[in-house]
Q: 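Handing you this structure, nothing more for now.
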There are 2 protein chains.
Amino acid sequence: MSQGFRQPDILKIARQDGKVTVENLAAHFGVTLQTIRRDLAELAEANKLERVHGGAILPSGTTNIEYQERRNLNQTAKQAIARACARHIPEGSSVFLNIGTSTEAVARQLLRHRDLMVVTNNMNIANILAEKPDGQTIVTGGKLRRADGGLVGTVAIDTIRQFKFDIAVIGCSAMDTDGDLLDFDIEEVGVSQTILTQSRQGFLVADASKFNRTAPARIASMKSLSAVFTDAPVPGGLARLCQEWNTDVIVTT
Amino acid sequence: MSQGFRQPDILKIARQDGKVTVENLAAHFGVTLQTIRRDLAELAEANKLERVHGGAILPSGTTNIEYQERRNLNQTAKQAIARACARHIPEGSSVFLNIGTSTEAVARQLLRHRDLMVVTNNMNIANILAEKPDGQTIVTGGKLRRADGGLVGTVAIDTIRQFKFDIAVIGCSAMDTDGDLLDFDIEEVGVSQTILTQSRQGFLVADASKFNRTAPARIASMKSLSAVFTDAPVPGGLARLCQEWNTDVIVTT
DNA sequence: CCTCATCTGTCCTAAACCGAAAATTTCCGA
DNA sequence: TCGGAAATTTTCGGTTTAGGACAGATGAGG
C-alpha cells in the first residue's frame with residue numbers, strides 16, 4: 001500500500017466525514033504520522049483538501065470562490081469602465097443590468113444616480129442596489145444559479161418581456177474581431193438577446209481581455225449596440241466597423 | 001480537534017441559527033471559552049462573522065436596521081417554531097417561503113434538507129439558500145422592497161401562478177381570535193393569497209405575540225391551512241375551531 | 001546483480017494551539 | 001452616573017503538530 005493507493009481512500013473518508021485527522025489516518029493505514037502528512041500536503045497542493053492543524057477538511061465553498069476571483073480580476077480596469085458607463089446613463093432612466101462581474105461594477109457606480117429604475121437578473125446586483133435610498137430596483141424571477149447569483153430560465157425571460165428599458169447594460173464572455181459578442185452559456189445568451197430587444201439602447205461593458213478569448217454562443221453583433229465601453233483600443237478593423245455601424249467606442253485609460 | 005476543524009462547524013451553526021454564543025460553542029466543542037473567543041476573533045477578522053458581546057452574528061451587510069431588529073425579536077421562539085415547521089416539510093418537496101422574519105428562520109432550518117425546490121419572494125431567504133449545495137432555489141420577480149428585502153407587485157404574483165407547491169409557508173402580522181390571519185400590507189396580502197391557492201398545504205409560522213396585535217388587511221382564515229406553528233397555546237375558542245377545521249396546531253416549547 | 005527512483009520511518013526544531021490566570025473593558029440595572 | 005458582574009484581552013507555559021533532513025527499504029528496468 002503506497003501513496004497512490006492511500007490518497008483516494010483519504011479523499012473518500014474526508015468526503016464522508018467532512019474531515020480527517022492525521023492520527024486517525026495513520027492508525028487506519030498503519031503508517032506513521034509523517035507519511036500521512038506528506039499525503040495531505042499533496043492533496044492540499046492539488047486543492048482536493050484544505051490542510052488544518054491536526055488534519056484536513058474539505059475545501060470551503062469551491063463554487064463561489066471562482067466567481068469571487070473572477071470579480072477581482074482586472075478590478076481597476078472594470079471600475080474605470082463602469083465609471084464611464086455610468087456617466088452615459090442619465091438620471092431618471094430605466095436600465096437593465098445583466099449577469100456578470102462587469103455589470104456588477106456598473107451597479108456600484110450607479111448608487112449615486114437619482115431616481116433610476118433598475119431591473120436586474122443578478123442577485124449580487126440586487127443586493128448592492130438594496131442600499132440605494134431612492135429609485136426602484138426590480139428583480140426578474142428565475143432559477144438561482146449558485147455559481148454567480150444569476151437568475152436564469154424561462155421565468156427570467158418572461159419577466160423581462162414585461163418591460164421596456166431606456167438602456168440595457170450587458171457583458172459578454174468574449175468578443176470576436178468581426179464585432180460579434182460571444183458567451184459560454186447558452187441559457188444566458190437567450191436572456192441577453194431578450195434584454196436587447198426590449199431596450200432602446202444597448203451598452204456593452206467588457207475589459208480588453210475579452211478580445212483574446214473566444215466562446216461558442218453568439219449573443220449579437222456590436223452593430224446593434226449604441227456603445228461599447230472597454231479599457232484598450234479595439235483592433236483596427238473593428239474600430240472602422242463600429243464607426244460605420246454608428247456604435248460609439250468609449251475607451252477608458 | 002483543533003481550530004481548523006471547529007471553524008467550519010461554527011460557521012455552519014451560525015448560518016443556521018443566525019447567531020452563536022461563546023458559552024454554547026465552548027460546551028458544544030468541549031473547549032474553554034478563551035479558545036472559542038480566539039476562533040470567533042479569527043472568523044471576524046476574515047469577515048465571516050461579526051463579533052458581538054457574548055458571541056457572534058452573521059455579518060449584517062444589506063438588510064436595514066429595523067428589519068434586523070425585528071428579526072432579533074423573539075428570536076429563540078422563532079427558531080423553535082421554525083425547527084418544528086421544518087420537521088413537517090419532507091425532503092424532496094416543493095415549498096414556497098413568503099416574506100417575513102419567521103419564514104426566514106424556516107429557511108435556515110431547511111438548509112439541511114435534501115433536494116428541496118424552494119421558491120421565495122424574499123431576497124434574504126434567497127441569499128440564505130444560495131449556500132445550499134443541493135436542490136433548487138427559485139426567486140420570484142418583483143419590485144425590491146428595501147425595508148425587508150421582499151419582492152412584491154404584479155410581477156411576483158404572475159411568477160407564482162406558474163408554480164404548484166406541495167407546501168406554502170407564510171407568516172402574518174397579526175392573528176384574530178376567530179382564526180383570521182391579518183397583515184399590515186395590502187400588497188403582501190395579494191401575494192399570500194396567491195401562494196395559498198397554488199399550494200396543496202398551507203403552513204403558518206407565527207409567534208404568540210401576533211395574538212396580541214391587530215392589522216387591517218385579511219389574508220385568509222386558519223380554516224384553509226393545514227397547520228399552524230406557534231410558541232404558546234392558542235386561545236381556547238380558537239383551539240376548538242381549529243380542531244373542527246382539521247387545522248393542526250403545533251405548539252413548541 | 002546493480003542502479004536509480006520513489007516511498008517510508010525516525011529525529012529534530014520551529015510553529016501552532018490550548019488552557020489558566022491576571023488585567024482591562026463592556027454591559028446593565030439601580 | 002455609578003458599581004458590580006460578565007465578557008474580553010493579554011500574557012505565559014506546557015503540549016501537540018508541522019515539516020525539513022537523512023537514511024533504509026522496496027521495486028522496476030537494464
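Per chain, numbering begins at 1; letters A, B, ... match sequence-line order.
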Q: With the side chain counted from C-beta on, respond yes when Ile81(A) and Ser102(A) share a heavy-atom pair under 4.5 Å apart, and no when they do not.
A: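 No. Closest side-chain heavy atoms not under 4.5 Å.
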Q: For the residue pair Thr101(B) and Lys78(B), confirm or rule out a side-chain donor-acceptor distance under 3.5 Å.
A: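 Yes, side-chain donor-acceptor contact under 3.5 Å.
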Q: Please write out the pairs of protein N or O atoms and N or O atoms of nucleotides 2-7 of chain D separated by less than 3.5 Å, giving the distance to one decimal.
A:
{"from": "dA7(D)", "atom 1": "O4'", "to": "His53(B)", "atom 2": "NE2", "distance (Å)": "3.1"}
{"from": "dA7(D)", "atom 1": "O3'", "to": "Gly54(B)", "atom 2": "N", "distance (Å)": "3.1"}

Q: Indicate whether the side chain of Thr252(B) and that of Asp231(B) have a donor and an acceptor atom separated by less than 3.5 Å.
A: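 The answer is no; no qualifying pair exists.
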Q: Looking only at side chains, do Ser209(A) and Asp207(A) share a donor and an acceptor under 3.5 Å apart?
A: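 Yes, because at least one side-chain N or O of Ser209(A) sits under 3.5 Å from a partner of the opposite role on Asp207(A).
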Q: Give me the bend of the helix from dC1(C)-dG30(D) to dA30(C)-dT1(D), using the axes of the five pairs at each end, rounded to 10°.
A: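 About 40° separates the two local helix axes.
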Q: Rounded off to whole Å, could you give me the CG-to-C1' distance for the Asp39(B) and dC18(C) pair?
A: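 Distance check: Asp39(B) CG to dC18(C) C1' gives 11 Å.
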Q: List the residues meeting side chain to side chain donor-acceptor pair (under 3.5 Å) with Arg145(A), not counting sequence neighbours, and say none if there are none.
A: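 Scan of Arg145(A) (side chain to side chain donor-acceptor pair (under 3.5 Å), adjacent residues dropped) gives Asp148(A), Asp185(A), Glu188(A).
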Q: Using whole Å, report how far CZ of Arg6(A) lies from P of dT6(C).
A: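 Distance, rounded to whole Å: 16 Å.
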Q: What's the CZ-C1' distance between Arg38(A) and dC22(D), to the nearest Å?
A: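 Those two atoms, CZ and C1', are 11 Å apart.
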Q: Are OP1 or OP2 of dT8(C) and a side-chain N or O of Thr32(A) less than 4.0 angstrom apart?
A: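 Thr32(A) to dT8(C) OP1/OP2: no side-chain N or O under 4.0 Å.
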Q: Go through the steps to decide whether Ile36(A) and Val20(A) satisfy the test side chain to side chain contact (heavy atoms under 4.5 Å, CB included), and finish with yes or no.
A: CA-CA 11 Å; Ile36(A) 294 298; Val20(A) 290; over 6 Å; no
Q: In this structure, how many angstroms lie between the P atom of dG20(D) and the CD atom of Glu42(A), rounded?
A: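 Between P of dG20(D) and CD of Glu42(A): 12 Å.
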Q: In whole angstroms, how far is the C1' atom of dT24(C) from the CD atom of Gln34(B)?
A: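 It is 14 Å, rounded to the nearest whole Å.
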Q: Say you draw a straight line from CD1 of Ile99(A) to CG of Asn121(A); how long is it, rounded to the nearest 0.5 Å?
A: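 So the gap between those two atoms works out to 4.5 Å.
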Q: Scan side-chain atoms only and decide if Gln34(A) and Arg37(A) contain a donor-acceptor pair under the 3.5 Å cut-off.
A: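 The criterion, which ignores hydrogens and geometry beyond distance, is satisfied for Arg37(A) and Gln34(A).
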Q: Rounded off to whole Å, could you give me the CG-to-C1' distance for the Leu25(B) and dT8(D) pair?
A: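 In whole Å, dT8(D) C1' and Leu25(B) CG are 16 Å from each other.
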